[in-house]
Number of protein chains: 2
Amino acid sequence: MKGPPGEKKPIPKTARGATSARGRNRPRELAEALKDWIAENALQPGDRLPQEKELIERFKASRGTVREALKLLEAQDLVSIRTGPRGGAYVKDVSLERATELLGNYFFFKNITIHDIYALRIQLEPELAAGLVGVITEQDIDRLQQLMTRYDHPPQSQDEEREQRFAELAFHETLAGLCPNPVLSFACRFLIRLLKELTICHRIYERPQPELRAGGHSYQLRLLEALRKEDAEAARNAMDKHMRFARDLMEAQEAEVLRQFLR
Amino acid sequence: MKGPPGEKKPIPKTARGATSARGRNRPRELAEALKDWIAENALQPGDRLPQEKELIERFKASRGTVREALKLLEAQDLVSIRTGPRGGAYVKDVSLERATELLGNYFFFKNITIHDIYALRIQLEPELAAGLVGVITEQDIDRLQQLMTRYDHPPQSQDEEREQRFAELAFHETLAGLCPNPVLSFACRFLIRLLKELTICHRIYERPQPELRAGGHSYQLRLLEALRKEDAEAARNAMDKHMRFARDLMEAQEAEVLRQFLR
DNA sequence: AGATATTTGTTCGTATGTATT
DNA sequence: TAATACATACGAACAAATATC
C-alpha cells in the first residue's frame, strides 16, 4: 500500500544500537521498583533519590528509561524533580492540587451536571460549617468578611460579574481549607473545582445574577455571625439555606442556558 | 571511563544537538497542551491521538519530549499506548480503580479517623439511598438481599466475622454502583475503600460485633423494603438510622481498641 | 500461516542552559 | 567571574510488537 521500499536503511556500518533489549523492562516496572526502593529505605518527604547516573547503574537501565520512570513518579506526585547541582528527584507529599487534578481526569468523560454537584454540596457544606465551630478564629472570620467585600455590590461589568462568582467560590474554598476533617475538606474543595470546570457554569457566570449575588452574600453574613457566636447548629442551618438557594437558582439557569443553546 | 563497546563514534557530521531551548518547555507543558487538544477536538474514549511523528511536527518537540508527555498522560490513565500498525496513543476512560488508588495516595500521610469517614457517610449514604428510587430494579433488590444472606447469622469463626464485615461493605458498594450521580457514586465507594484500608478497622473487624451485624442487617432490610415501595424518604430515613447506628458502634470500638493499644 | 509494513520501545551520543560553588 | 555539575532537550539508529495482506 505504501511507498516502494526503495530506500534501505543505509546505516549498517556501526550497528551499535540497542544492546540488551531485555523484553519488557518498561519504565513502568522501573517506577514500581523505585517506589519499592523508597519504601524499603524508608525515605521521607524531602529526601533525595540517587541521581540519574547512579540510578542507571543501580537499576541497569538507560537514561531515557530512568527519566521516563521518574516522570511517571512525578505524575503521581510522589517525587518532584528539580534542576541544577542540588537537583534531582525528591520524595514529596502528594499535593492537593495534583490529587484534585488526577481525580478530575476520572470525571473528564462522565457527564456531570449542576444537579449532581449540588446534591453533594447540600449535604457536605452544612456539615463543614458546623464542624468549624471551635476551630475557626476571629482572624479567619475577619479574613472571610474581607473576601466578601469583592461582591457586596452589584457588578459594573461582565468581567466583574464573573469575578464575583469566583470570589464567592473562593469564600467556600477558604472555609474548606479550615476544616479539620481531611476527607470533608478535600470533598468540598473538589466539588468547587468541578463547578469551576463545568462549561455550563462558564455560560451561567456570564449572565447577570443579581439575585444569586445578593442572596449568597446575606446567607454568608448569617453564617459568619453564627460562627462568631460559636453556634454550630445556626452555622449548619445558614449554610443549608445558602446551598439550597444557590442550587435552585443555578439549576434554573442551567435549564435556561440549555434552552437557549438548543434553540 | 565511559568505555564504549569497541565501536568508534561514527556520528560526527550531524552533531547538532538542542536547538530551541525555549525556556523550560517541559514535557509537562506538552502533556497539558495535549489534554487541551483532546478537549478542543472533542476526542472520545477509543479515539486515537496523532502518532509520535505528527505530534513532533505539530508541537515542535523532539521525540523524547513527546514520548515523555505521552507517558505522563498514560500515567494519569488518560491514554493507553499500543505498538504496531494502528498503534499509538488511544484516549481512554480513567478506571474507577486507578482514580481511587491515586486519590488514596493523597490521604496516605493524612491521619484519617473513623469519625472523619462517618461524618461524610452519614451525609451521603442517605442521599444515595433516596436517589435510587426510580432507578433500582426488582432484580437489583433481589441481588442485594441475596448478598445479605452472608451475614444473616452469627459468625462461626473469626474469619467469618471479618468476612461478614466486608460483605456488609460490599452491600453498600453495590448500592453506590447503581447510583446515577457519578460524583455521589464515587464518593461513597471511596469512603468504603478508606474504611477498608484503615488499620484501626482491621483491628476492629477482628473483634466480635454481634450488635453491629444484627443491627445493620435489620436496617438494611428496612432499606430494601422502602426501595421496593419506591418510597424515597423512607429509604433515606432507613439509611440515616443505619449510618448513625454504625458510626456510634464503630467509634466506641475505635476508642476501645486505642485504649487497649496504648495500655 | 507467513511476509511485510507500520508504529512504538529502547538505547546511545551529544548539545545547551542554569544554578551552585 | 569562571568552573562545574546537573537536568533538560535533540537526533539517530536499532529492536520489538502487531495489524494487514
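Here is how names work: the chains are called A, B, and so on, in the same order as the sequence lines, proteins then strands, and each is numbered from 1.
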* E52(B)/R67(B) ion pair, N-O < 4.0 Å ->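 Salt bridge flag = yes for R67(B) with E52(B).
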* Considering only NZ, NE, NH1 and NH2 on the basic side and carboxylate oxygens on the acidic side, decide whether E68(A) and K71(A) come within less than 4.0 Å. => no
Taking [atom1] from [X] and [atom2] from [N], how many angstroms apart are they, rounded to a whole number?
X	N	atom1	atom2	result
K71(A)	dG9(C)	NZ	C1'	19 Å
E57(A)	dC12(C)	CD	P	12 Å
Q51(B)	dT6(C)	CD	C1'	8 Å
R67(A)	dA9(D)	CZ	C1'	7 Å
E68(B)	dT8(C)	CD	C1'	15 Å
E52(A)	dA7(D)	CD	C1'	6 Å
R48(B)	dT8(C)	CZ	C1'	11 Å
I56(B)	dG9(C)	CD1	P	13 Å

* Might you confirm whether atom NZ of K53(B) has over 12 heavy atoms from other residues, nucleotides or ligands at distances under 6.0 Å? =>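 Incorrect, the count does not exceed 12.
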* **Check: dG9(C) base within 3.5 Å donor-acceptor of R63(B) side chain** => yes
* So, is T65(A) near the phosphate of dT11(C), with a side-chain N or O under 4.0 Å from OP1 or OP2? ->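 T65(A) to dT11(C) OP1/OP2: side-chain N or O found under 4.0 Å.
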* Between S62(B) and dC10(D), does any side-chain N or O lie under 4.0 Å from OP1 or OP2? -> yes
* So what does G64(B) touch, heavy atoms closer than 4.0 Å: a base, only the sugar-phosphate, or nothing? ->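 Answer is nothing: G64(B) stays at 4.0 Å or more from every strand.
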* To do: Say whether E163(A) and Y205(A), considering side chains only, have a donor N or O and an acceptor N or O under 3.5 Å apart.
  =>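 Their side chains do not contain a donor-acceptor pair, so the 3.5 Å distance test is not met.
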